[in-house]
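Note that ligands are numbered from 1 as they come in the structure, with each ligand's atoms numbered from 1 the same way. What you see below is based on every heavy atom in this structure, not just the backbone, and it leaves out hydrogens, waters and symmetry mates. The chain is numbered in sequence order, starting from 1.
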Amino acid sequence: MTSEHLATLIGQFPRKPAYRGLRQALQELIGTGRIPLGTRLPSERAISQALAVSRNTVTRVYTDLVAAGFATARQGAGTFAAVPDDRRRAHEHSLRSLAGVHASEDAIDLNCAATVAIPGIASAYERALERLPRYLGSDGHRPTGLPTLRALIAQIYARRGLPTDPEQIMVTSGALAGTAVVARALSRPGDRAMIESPVYPNVIEALRLGGARLVASPMGDALGEEGWDLDGIEATLRQTRPHLAYLIPDFQNPTGFLMRDDQRARYAAALQATRTTAVVDESLQAIALTDADMPLPFAAHAPGAITIGSVSKLLWSGLRVGWIRAPHDLIDRLIKARLQFDLGTALFDQLVVIELLDDSEVIAMRRAQLRQRRNALAQAIGERLPEWRFRLPDGGMTLWLQLPRGSATQLAVNLETVGVHVPPGPMFSVEGGNDQWLRIPYVRPEEELIEAVRRIADFCSRAPAGASGRRDGSRAVIL
Ligand SMILES: Cc1ncc(COP(=O)(O)O)c(C=O)c1O
């Protein structure tokens, strides 16, 4: 990056003192992704000339950025944009939490939109164990999944208005693994894949697996009612003619929007015009929190679409069971791609899923629990953070919140000092941006959600607009 380009990005910044203004500006540009990770920053000399600040000021700013984790210095090579370990994309964070790396005992971790297991799961495991012996005489090798589960999934699609042959279903080890299989099978290096932005972060890397270049299709106004900017999507499709288009029409993560049938029909027609295959992630489809009729599955409007499903949200993420539903002519390619790294999904977990997937009582329980938590979180935010704006979603697991001012990246860093871990908007962005937004999942118990909001509100009342934090090792301190 040239010093002129950087100076344009920075624009005006508070110069009293220049050191603090410049550091804050750079940290925000890196945190929001406007300076992409790994970018080599201009030399100290060049930037001091371009911005008319002293060389000492720049040296101090670069040293501080490195200490805070927003840059790395490589001897003889220069200074490169980075993000602190715990601000990396969500999948890295979740791996770290699985490894037991937590800031403090009473920290509230709102990074993950996943709940504890559904009540009654232990007895489903017991019932599955009783059915296990009849499978033990086989070699257990079923790359497309247990026939009973494939048939059950097909039956549920048919009930939703999408006739499905069990042969069209391949059971996978979760929706993310399913997305990775699709990317591997259907994209070649240099192809383009269109992806919503903001979006569930882990699919960003999964979609790149086949070598595709990602093209972002921005969602519409997150506080409005339309959800998808279909004019923008049509234009992006025409201009970039992507091979694949990844979308989450059912309670989009993170915004929570549900795509209406008329929107699905229009979107599907646009995809057909550019011969783009839809990759439809229905991970959150079952998490409807109102009694309104659900629209038809996207694939009912777009017969060539590939649909991905999962039990993670409805039952438990620990099961690691999902599936792909694809047109007959694509299934073989998908199986071949899957066999490159995985011979199938654990048979026992599939038996547990058979017990629960179509259990209306289980589904009603999950919905009631999440509805209550959504309402408690929304009420707490309305009372304690009245300037924060959001649209109450009709389903899914997350509130997407707009801050009245300041940077969400900065706030997220600072909130760690009060024991709240929350992912800022840029984590959900393909190309940076969305730094006025935060995602809070309503998956934790109500008291915990209310306590998290209390901590956030107390922090914001003590350190309103422009509060800045400095990370000092693994601890952030407020300046
Ligand atoms: C839209 C979306 N897709 C995929 C996943 C991952 O699902 P799984 O646990 O089935 O891999 C999630 C989980 O957060 C999600 O929200």
Side-chain angles (χ1 to χ4, degrees), residues 89-95 97-98 109-118 121 145 149 153 169-184 193 195-209 219 227-228 244-259 278-289 297-298 306-325 338 341-342 345-346 349-350 352-353 356-357 366 370 393 395-400 422-423 427-430 439-444:
R89 291 207 178 278
H91 71 283
E92 289 181 31
H93 179 91
S94 58
L95 292 179
S97 359
L98 290 176
D109 190 343
L110 299 173
N111 276 297
C112 233
T115 65
V116 296
I118 197 80
I121 202 167
L149 181 55
I153 294 167
I169 305 292
M170 172 164 81
V171 177
T172 62
S173 305
L176 184 62
T179 311
V181 168
V182 174
R184 278 267 189 131
I195 181 170
E196 299 170 338
S197 187
V199 75
Y200 169 61
N202 293 335
V203 293
I204 296 174
E205 295 311 321
L207 277 178
R208 288 195 172 114
L209 272 178
M219 297 288 295
W228 285 262
L244 301 177
Y246 171 90
L247 60 154
I248 312 173
D250 301 275
F251 310 122
Q252 205 263 357
N253 185 356
T255 60
F257 282 110
L258 175 65
M259 197 184 287
V279 182
V280 184
D281 188 332
E282 288 192 350
S283 290
L284 293 138
Q285 194 276 337
I287 312 295
L289 302 182
F298 192 89
I306 295 175
T307 307
I308 293 169
S310 170
V311 305
S312 287
K313 308 292 180 184
L314 184 63
L315 305 178
W316 189 38
S317 191
L319 279 161
R320 307 309 314 142
V321 176
W323 57 86
I324 298 173
R325 177 199 182 277
R338 187 232 186 108
F341 49 88
D342 173 23
T345 300
D349 291 350
Q350 295 183 63
V352 178
V353 171
L356 295 172
L357 187 59
R366 181 60 101 210
L370 287 169
M397 293 181 151
T398 55
L399 288 194
W400 183 237
V422 66
M427 271 195 176
F428 301 87
S429 305
V430 182
R439 188 192 79 170
I440 303 189
Y442 39 85
V443 294
R444 315 287 309 171

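Side-chain contact between Trp323 and Val311: present, with at least one pair of heavy atoms (C-beta onward) separated by less than 4.5 Å. Leu314 places none of its side-chain heavy atoms less than 4.5 Å from the side chain of Ile118. Proximity of Val199 to Tyr246: side-chain heavy atoms (C-beta onward) are separated by under 4.5 Å at one or more points. A heavy-atom distance below 4.5 Å is not found between the side chains of Tyr200 and Leu284.
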Less than 3.5 Å apart, N/O on ligand 1 and N/O on the protein: could you list those pairs with the distances?
{"residue": "ligand 1", "atom": "3 (N)", "partner": "Asp281", "partner atom": "OD2", "Å": "2.6"}
{"residue": "ligand 1", "atom": "3 (N)", "partner": "Ser283", "partner atom": "OG", "Å": "3.2"}
{"residue": "ligand 1", "atom": "9 (O)", "partner": "Ser312", "partner atom": "OG", "Å": "2.6"}
{"residue": "ligand 1", "atom": "9 (O)", "partner": "Arg320", "partner atom": "NH1", "Å": "2.9"}
{"residue": "ligand 1", "atom": "9 (O)", "partner": "Arg320", "partner atom": "NH2", "Å": "3.3"}
{"residue": "ligand 1", "atom": "10 (O)", "partner": "Ala175", "partner atom": "N", "Å": "2.7"}
{"residue": "ligand 1", "atom": "10 (O)", "partner": "Ser310", "partner atom": "OG", "Å": "2.6"}
{"residue": "ligand 1", "atom": "10 (O)", "partner": "Ser312", "partner atom": "OG", "Å": "3.1"}
{"residue": "ligand 1", "atom": "11 (O)", "partner": "Ala175", "partner atom": "N", "Å": "3.2"}
{"residue": "ligand 1", "atom": "11 (O)", "partner": "Leu176", "partner atom": "N", "Å": "3.0"}
{"residue": "ligand 1", "atom": "11 (O)", "partner": "Arg320", "partner atom": "NH2", "Å": "2.9"}
{"residue": "ligand 1", "atom": "14 (O)", "partner": "Lys313", "partner atom": "NZ", "Å": "2.4"}
{"residue": "ligand 1", "atom": "16 (O)", "partner": "Asn253", "partner atom": "ND2", "Å": "2.8"}

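Under the side-chain contact (heavy atoms from CB on, under 4.5 Å) rule, Arg439 has a single partner from Leu110, Asn111, Asn253, which is Asn253.
Applying the side chain to side chain contact (heavy atoms under 4.5 Å, CB included) rule to Thr345 yields the partners Val171, Ser173, Val321, Arg338, Gln350; only residues at least two apart in sequence or on another chain are considered.
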